[in-house]
Structure formats: C-alpha cells, structure tokens
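Everything quoted here is computed from the prediction, not taken from an experiment. Naming convention: chains lettered A, B, ... in sequence-line order (proteins, then strands); numbering from 1 in each chain.
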Protein chains: 2
Amino acid sequence: MLKKLQQKGMIKGFKRTPQRLAILDHLDGNKSHPSAEDIYRVVARKNPSMSFATVYNTLHTLVQAGAVRELTIDPDRKRYDPDTSGHHHLICLGCRKVVDIPGDIPVDVPRGMSNEFSIVGNHIEFYGICSHCGKPRK
Amino acid sequence: MLKKLQQKGMIKGFKRTPQRLAILDHLDGNKSHPSAEDIYRVVARKNPSMSFATVYNTLHTLVQAGAVRELTIDPDRKRYDPDTSGHHHLICLGCRKVVDIPGDIPVDVPRGMSNEFSIVGNHIEFYGICSHCGKPRK
DNA sequence: ATAAATGCAAAGCATTTGCAGTAAA
DNA sequence: TTTACTGCAAATGCTTTGCATTTAT
C-alpha cells in the first residue's frame with residue numbers, strides 16, 4: 001500500500017515530496033505503532049526542515065487514502081499503523097508498547113443487535129504486561 | 001459501586017459534596033458513555049456553580065477508585081462508563097453512539113505471546129452503523 | 001479544627017489551520 | 001505555470017493544575 005504511494009505517478013494529485021517520502025519510508029513495515037510525535041522525532045533527524053504540520057497533514061492524507069490506520073488505543077494520543085490488514089493489538093499496561101496480534105480471531109457477533117445495527121467490523125485490544133514491565137498502570 | 005460512594009461514611013476521605021453527588025447521580029445506571037463535557041452540560045443545569053474542573057477532578061477520583069471505567073473508544077475525547085463489569089462495546093461509525101455488548105465473548109488468547117506477555121484482559125470494539133445513520137465516517 | 005473539594009483562570013499537550021512562500025507536476 | 005505542499009505560528013479543543021476560598025467531616 002505504501003509502496004504504491006512511493007512510486008511516481010501512481011496516485012493522481014499526490015505529490016511525492018522529500019518530506020512525504022521520508023515519512024512513508026519510516027512508516028513502511030513499521031511495527032511500533034508510533035504517534036505523530038514519534039514519527040516527527042525520527043524523520044526530522046534526517047530532514048531538519050520537517051515540521052509537525054507536515055507530519056500531521058501527511059498522516060491525515062494517508063489515513064484518508066486508507067494507506068494507514070489510525071489507532072484509538074492510547075488514551076493520550078493517536079497512534080498510526082501502516083498495516084491496514086485486519087489484525088488486533090496487545091497493549092502493555094506498563095509501558096504502553098503495542099504489538100500486533102496477527103491473524104483472524106473469530107468472535108461471535110452479538111445477536112439481538114442485528115435489527116438496530118449493521119456490524120461491519122471489530123477490533124480486539126488485549127491488555128497485558130510485557131516481560132520488561134512488572135506492574136500495570138492503567 | 002456508585003451506590004457505595006453515595007452513602008455516608010462508606011469511603012474514608014471521600015467527601016460527599018453536592019457536586020459529586022450530582023455527578024454520581026447522573027452517572028448511576030447511565031448507558032450513554034458520556035464525555036466529561038456531556039456530564040458537565042447535564043449536571044451544570046441543576047448545579048449552576050458546577051465547574052469543569054470539578055467534573056474532571058471527580059472523574060479522575062472515580063476512575064482511580066475503580067468506580068468508573070475510562071473508555072478509549074472515541075478518538076477525540078475520553079468517555080466514561082459507570083458499568084465496570086466486563087463487557088464490550090459497539091460504536092456507530094456514523095454518530096459515534098456507543099452501546100454495550102453485555103456478557104462474555106470468548107476469545108482465543110493468542111498463543112506465541114505467552115512468553116513475552118502475561119495477558120490480563122481484553123476489550124472488543126464492534127463497529128457498525130445504527131439504524132439512524134446511513135453511512136460510515138471513520 | 002482540619003483535611004479535602006470547589007471554582008476560577010491559567011497552563012499544558014495533542015492536533016488543526018490560515019497563509020505566504022516554495023516546489024512538484 | 002499550475003496546483004499542491006511546506007513551515008511557521010497562531011488557534012483550537014480537551015484535559016490538568018495552582019491557588020485562594022469554601023465546605024464536609
């Protein structure tokens with residue numbers, strides 16, 4: 001998905017600026033579920049002129065394009081995931097690290113809601129403590 | 001849980017002020033998953049002196065006490081749920097309405113993570129479209 | 001009395017936006 | 001050259017906090 005955006009002329013009206021390419025490059029295959037600031041911090045090292053606005057604008061564009069998923073997993077900030085395939089997440093209650101739970105997990109769609117809602121998807125958050133952390137925070 | 005806080009002398013050091021009682025009263029049995037502002041708006045009608053700070057302070061106290069659950073479900077604001085029993089949620093992608101999914105939903109805890117994480121819980125978000133909304137937003 | 005809560009306003013962060021300048025196309 | 005993007009700084013929106021005053025206990 002991100003590869004497509006990195007290639008010339010693949011998307012109409014999408015300009016491949018150095019800033020965007022740097023962000024795409026950093027995001028591609030990234031499994032750390034970074035926040036906007038995480039991304040800025042890393043990308044700004046090599047692109048000293050990079051601004052926060054550009055990171056936010058680019059993320060917004062990528063989310064709109066469906067190339068990046070915005071995660072509502074951290075109560076304090078949005079996090080971004082370049083993996084748009086259906087998968088779930090495990091959050092360490094100690095350090096807030098987020099790791100992927102690959103693959104399908106069958107969930108029984110609740111019955112009784114069928115008339116009021118048409119259900120289009122789901123997302124499971126697992127809470128745990130990673131081996132580096134001892135005690136929960138949440 | 002909230003009932004306990006509403007009764008005199010049940011919790012050491014917890015003062016039953018009119019503002020807190022009004023918030024507890026509004027929250028008790030509330031299934032609307034309100035934001036802090038939602039709560040403020042309603043409670044301030046009957047308590048004209050109510051301030052935002054008091055709502056936030058009280059919510060913080062209630063969350064610390066485990067009497068209220070803070071939901072990380074809405075990308076734009078925190079929401080609060082007086083129902084602290086294990087249950088899941090269904091979010092309308094149109095209007096952001098959140099409804100409870102009562103009861104247990106068995107999920108297979110992912111294997112392979114067992115050595116790195118000790119899993120202590122999970123929360124499922126279902127996404128759907130309620131009967132009042134036609135098209136998704138997220 | 002005294003320890004804790006209120007309310008106001010200011011401060012703190014994450015995020016968004018207006019706009020003039022800049023650079024892809 | 002046209003259209004979109006950048007970067008700055010100001011603005012926004014949610015949430016937190018300092019502090020003097022008030023209040024439950």
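B:P48 comes within contact range of no nucleotide atom at all, as no heavy-atom separation falls under 4.0 Å. Using a 4.0 Å heavy-atom cutoff across all strands shown, B:G9 reaches no nucleic acid atom at all.
Taking side-chain N and O atoms only, A:Q19 has a distance below 4.0 Å to OP1 or OP2 of D:dG7.
Residues from residues 49-69 of chain A with heavy atoms under 4.0 angstrom of DNA chain D, sorted by number: A:S49, A:M50, A:S51, A:A53, A:T54.
Checking A:D100 against A:H33 by side-chain atom types alone, a donor-acceptor pair falls below 3.5 Å. In summary, the side chains of A:T61 and A:T58 do not present any donor paired with an acceptor at a separation below 3.5 Å, with no hydrogens or angles considered. Side-chain atoms of A:H88 and B:N122 form no donor-acceptor pair, as typed in the model, at a separation below 3.5 Å. Using modelled atom types, one finds no donor on one side chain facing an acceptor on the other under 3.5 Å when comparing A:H87 with A:H123.
Using a 4.0 Å cut-off between charged nitrogen and carboxylate oxygen, B:D81 and B:K31 do not count as a salt-bridge pair.
Straight-line distance from the CZ atom of A:R20 to the C1' atom of C:dA25: 13 Å, rounded to whole Å. Straight-line distance from the CG atom of A:N47 to the P atom of D:dC5: 17 Å, rounded to whole Å.
Put simply, the side chain of B:H132 never gets that close to the backbone of B:C130: no donor and acceptor are under 3.5 Å apart. Proximity of a side-chain donor or acceptor of A:H26 to a complementary backbone N or O of A:L24 within less than 3.5 Å is not detected.
In this model, no side-chain donor or acceptor of A:K78 finds a partner on the base of C:dA14 within 3.5 Å.
For B:R79 and B:K8, each mapped to the nucleotide of DNA chain D holding its nearest heavy atom, the one lying further toward the 5' end belongs to B:R79.
Picking from D:dT6, C:dT15, C:dT6 the nucleotide with the shortest atom distance to the side chain of A:R77 gives C:dT15.
When the C1' atoms of four end pairs are superposed on the next four at each end of the helix from C:dA1-D:dT25 to C:dA14-D:dT12, using five pairs per end, the two resulting axes differ in direction by 30°, to 10°.
Note on B:V42: it does not cluster hydrophobically with B:V55, by side-chain heavy-atom contacts below 4.5 Å among ILVMFWY residues.
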